[in-house]
Each structure stands twice: as C-alpha cells, then as structure tokens.
Amino acid sequence: MKKLFFIAALIALVTSCAPTSSGGNGGELVGVRAMAWGEPTPYGMVLIERGSFTVGSSEEDSIWGTPKNDKPISVESFWMDETEITNGKYKQFLFWVRDSIIRERLADPAYGGNEAFKIEEDREGNPVKPYLNWARAIPWKNPTEDEARAIESVYRINPITGQKELDPTQMNYRYEIFNHTEAAKRKNRLDPTRRVLNTDIKPDLEAEIIISKDTAFLNDDGKIITETIIRPLSSEFDFLNTYIVNIYPDTTAWVNDFDNAYNEPYMRLYFSHPGYNDYPVVGVSWEQANAFCAWRTQYLISSLQTPFIEPYRLPTEAEWEYAARAGMNENKYPWGGDIPMTEKGCFNANFKPQEGNYVKDGNLITSNVATFPPNDFGLYDMAGNVSEWTSTAYSEGGMAYTSDMNPDYRYNAAKEDPYQMKRKIIRGGSWKDVSNFIRSDIRMWEYQNEQRSYIGFRCVRTQIGFAKGRK
C-alpha cells in the first residue's frame, strides 16, 4: 500500500509542475502552483526532523584523552534505519548480485547460454520493463543442462569439506556515482566564461581544468582493477565515477581481530547461519557499505520505475551524532544521563561492562538488533552492539573547518594516496568497547578498506517534501 501511495505521490508531483491557468488573476504574478506532498516513511526507517545542537565533546576529559571539540550546527531532516543493517538484509544484496551474475551467464554462449534469456538493461545495468522482476527469468526449477551450468558457475566445492558453497570471489557489484558536488563547482564549469563572475577579470578561454575520477574494470583473470584517472576536463562524464566492489563480508575478521581466541564458530556461522539473520552484519568495509547504499537506491528506482528518489547513503558524522543524542546537547548517551544503566541496574546497550566480562549485559558478542530500548527518536543500538561507518573522512581538526549547516568533510582517496588519508569516521562503539567509547560524542576512525567483527552500518536518506508538522 505504501508503495502505491509513493508512486501516486510522485506522479502527482511530476504532473503538477506544469504552469496553471492564469485566468482570473487580472494579469498579476501569482507563481506556478504545484502539489506539495509528504513522503511516506520508507520501510524500516525513522524520520529525524531538522534541528540544531552542539556536536562533539563539550568538556575536556584528561583521563580518556578526549579534547573539547564542540561546535553548534544544524542539520536537515533525514530518514535513518531504525536498526543496523542485519545479516538478513545484507544477504538480500548478496543474493541479488549472485542472481545477476547467473542471469548474464544464462545468455552467455561461453556457459551454454541462450540469447532468449538476455534482458534489456538501462545504463546502470538494471532490467527495464517488462522484466521488472528479472529473477523470474532464472530457471531454478528443472533447469536444462546448459542452464544448470550457468547456475552452478557461481558456486564452488570446498576442497576440505567437499560441500558446495557460494564462491565469494565472484560476488562483485559494479555501480556508478555522479559527483554532483564537484560538477557544480564554478571552477569546474565547462563554459570558461562562467567560472569567474567578476567582470573585471578576463576569462582564460584556454585554461585547462584538471579533474580526477575513479574507474574500475575486471581484467582477463576476473580481478578487480581500480584506477584514479587524472585528465583535463572534457565533459560531464568526467564526474561519473565507476566502482566494482567485492561485497562478500570478511568472515575471517572474527579470527584476525582477536589473537589466541577460539572464534572459529563465528567465522563459520555468524554470516551463514539463519539463526544470526537478525544480528548486525559485520566484516563489511566502508567501501562495501557504500556499495550497499548504491544498490539499495537502484533497487528502489528499478522497483518504482521513477528517477525521483533521494539516494540511500551513509550518514554524515554530524547526522549520526544528532540522531544518537536525539537532538539533545546534554545526552552523552542515546538514552540520556552519564551512565549506561537504568536506576534498577538494567543495561541500556550491548558493550563490555568490565575487564574480561563481556556477558554482564547478557551478550558475549553482538546481540540481536533492537534487543535494547530505542532512544527518543525511535532508533535502536545507537550505542554499542557494533560501531557504525559514516560518510565523513577523518581529520585531526574534526568539524572545526566544516560548515555549521549540514557539516561534512569528505575526501575520496585515490589508490595512490598514503594509507593515512583513507581513514573514515566510525561512531557508537561496539560490543567489545567499554562504556566511555559508546558515548554519542566520541569519535573514532578506521581505514576504509578494513573489515572488522565489530563494525557495521546503517543507511540514511535526505527527507523529501515537508517534515512532519512543518509547512
């Protein structure tokens, strides 16, 4: 029902953009009239209404080495996942990629494919009408020998156990992102006469504007090759970045993150066993989290058959903290107060209560999402359980040099950049952290290609239309 309402609202928005009749206005300027509408709540998300607060630590803590780095800021309304992305939700992404590979191979003669299975696609590789549900074209039941060969090609036989399993090395997702911010900058305008508006300055019509863009391709061995191309600006396509990301989580993180610990059961079962489906996905890098956001956006666009969609993305550091604190400056924790427990001694989050004692809060590792009460915004696990990726690049100065409106600092590190420049902010602390590090105002970082057993993510979308109660 929500989907039908959303489509109807989008149609009304588009059709209402035409100028209305000027009859009866006496020739006066009355403006173009259009229908205003409120976007329905996306499934599993909560609307965080626009507001202002003081981001960062308002006092220095010499014991923990936390400096005073507060700053008053304002943020626009946005939708946010009420829980972290779970294993089950991430598997939907994984299986979509798996099925996409199979679909392509069903039409590939190299796999005995049949051209009848070839499906028309748009520029982004999404199937177009009338094949909206392209997965139906995959003959899972009673396939022919050639069809079975295409299906089985994405699996491997484990040489040790002899069991058939999905081949992680093939699970590559390709997507494109247009960098609207760089394309909008005056210095990058294609028309040199529009780069400087000062009429006292004669424009340099021969000036060469150098841009950089990310691109990726698969070589003959199926290996992902990523490059950052630096070249003179020639067209808007120079701001279209191409990425290919292997999206399979690193299940070995459970072993590699902890020396001399028996964590093999988590490595084998945490992502694959259905009993963990409602636990937060971990072992996912910042790059993989961004790929998930891109897929989630394209999946929605393909389902609704409309381009009028704000993209899913990772939250900025400021958005994340505003949401965690429920807009309250004094909230060091999502639930308010200075301690991670209620007056009755019940824990409000999954973290490490004492040295060597992980289970005092009822959990050894991660917990099922929404196990603990939500904050006043209706968001679960904004402290503990898993730390969460943000879109913000790490800098020593924090937000000191960012705008006080929708602040964010981004740096898309090139492959050749020093590793130190590839750090991204993570927030919220995790199941392995003590109470100080699950505070809402504490900022930490990790390298963008790292995959940890204690880092997950959730998505946001900028809110379209009027926020509730605002006109």
Side-chain angles (χ1 to χ4, degrees), residues 83-91 93-94 155-171 246-289 292 340-341 346-372 380-381 383-389 426-438 442 444-458:
T83 71
E84 300 119 336
I85 296 300
T86 62
N87 284 319
K89 290 179 178 179
Y90 196 85
K91 284 178 185 176
F93 176 33
L94 178 67
Y155 293 89
R156 67 186 286 267
I157 300 299
N158 188 302
I160 305 301
T161 65
Q163 294 180 328
K164 184 175 76 171
E165 58 190 20
L166 195 64
D167 184 359
T169 63
Q170 297 188 53
M171 298 300 105
N246 183 277
I247 65 164
Y248 203 92
D250 183 7
T251 57
T252 68
W254 289 102
V255 171
N256 289 307
D257 286 344
F258 302 94
D259 293 332
N260 303 317
Y262 182 63
N263 288 341
E264 290 179 17
Y266 309 136
M267 178 180 68
R268 293 193 300 266
L269 301 174
Y270 183 83
F271 183 66
S272 61
H273 196 284
Y276 286 108
N277 270 358
D278 291 328
Y279 284 62
V281 67
V282 296
V284 174
S285 68
W286 181 86
E287 295 160 346
Q288 291 172 316
F292 179 93
M341 294 179 290
C346 297
F347 287 92
N348 286 318
N350 176 13
F351 65 105
K352 183 180 179 181
Q354 294 176 346
E355 183 178 355
N357 187 347
Y358 293 84
V359 299
K360 192 174 181 179
D361 59 10
N363 304 277
L364 177 59
I365 56 169
T366 56
S367 60
N368 197 315
V369 297
T371 295
F372 297 90
Y380 295 89
D381 300 318
N385 214 14
V386 292
S387 297
E388 299 178 15
W389 290 111
I426 56 174
R427 285 300 202 114
S430 74
W431 58 270
K432 73 166 188 62
D433 292 313
V434 295
S435 61
N436 180 74
F437 297 125
I438 66 170
I442 297 298
M444 295 175 283
W445 58 265
E446 185 53 88
Y447 293 103
Q448 65 186 47
N449 64 340
E450 273 288 4
Q451 299 158 291
R452 298 293 192 181
S453 60
Y454 46 84
I455 300 179
F457 69 101
R458 71 181 79 204

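This chain uses plain numbering: 1 for the first residue, then up along the sequence.
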Least distance between heavy atoms, A253 atom then Q451 atom: CB-O, 3.5 Å
Apply side chain to side chain contact (heavy atoms under 4.5 Å, CB included) to residues V281 and K89 and explain how you reach the verdict. CA-CA 9 Å; V281 67; K89 290 179 178 179; over 6 Å; no
Looking at N363 and N350, what are the two nearest heavy atoms and their distance? CB-OD1, 3.7 Å
Distance only, no hydrogens: is a donor on one side chain within 3.5 Å (strictly under) of an acceptor on the other, for S367 and N385? yes
With sequence neighbours left out, write down each residue that passes side chain to side chain donor-acceptor pair (under 3.5 Å) with T252, or none if nothing qualifies. D250, N256
Is the closest side-chain heavy-atom distance between L94 and F271 below 4.5 Å? yes
On a heavy-atom basis, the closest approach of Y155 and K164 is CB-CG, 3.8 Å
Check against side chain to side chain contact (heavy atoms under 4.5 Å, CB included), I247 and Y90: CA-CA 9 Å; I247 65 164; Y90 196 85; 3.6 Å; yes
About how many Å separate CH2 of W389 and CH2 of W286, when rounded to the nearest 0.5 Å? 9.0 Å
Assess the side chains of S453 and Y270: does a donor N or O sit below 3.5 Å from an acceptor N or O? no
Validation row, ring centre F372 to ring centre F347 under 6.0 Å: no
Cation over ring face, K432 and F437, 6.0 Å, 45°: no
Interatomic distance, I438 atom CD1 to F351 atom CZ [nearest 0.5 angstrom]: 5.0 Å
Candidate pair T366 and E84, rule side chain to side chain contact (heavy atoms under 4.5 Å, CB included), full reasoning: CA-CA 11 Å; T366 56; E84 300 119 336; over 6 Å; no
Do you know the tightest heavy-atom contact between L269 and Y276? O-CD1, 3.5 Å
Taking side chain to side chain donor-acceptor pair (under 3.5 Å) as the definition, give me every residue that meets it alongside Q354, ordered by chain and number, with sequence neighbours left out. none
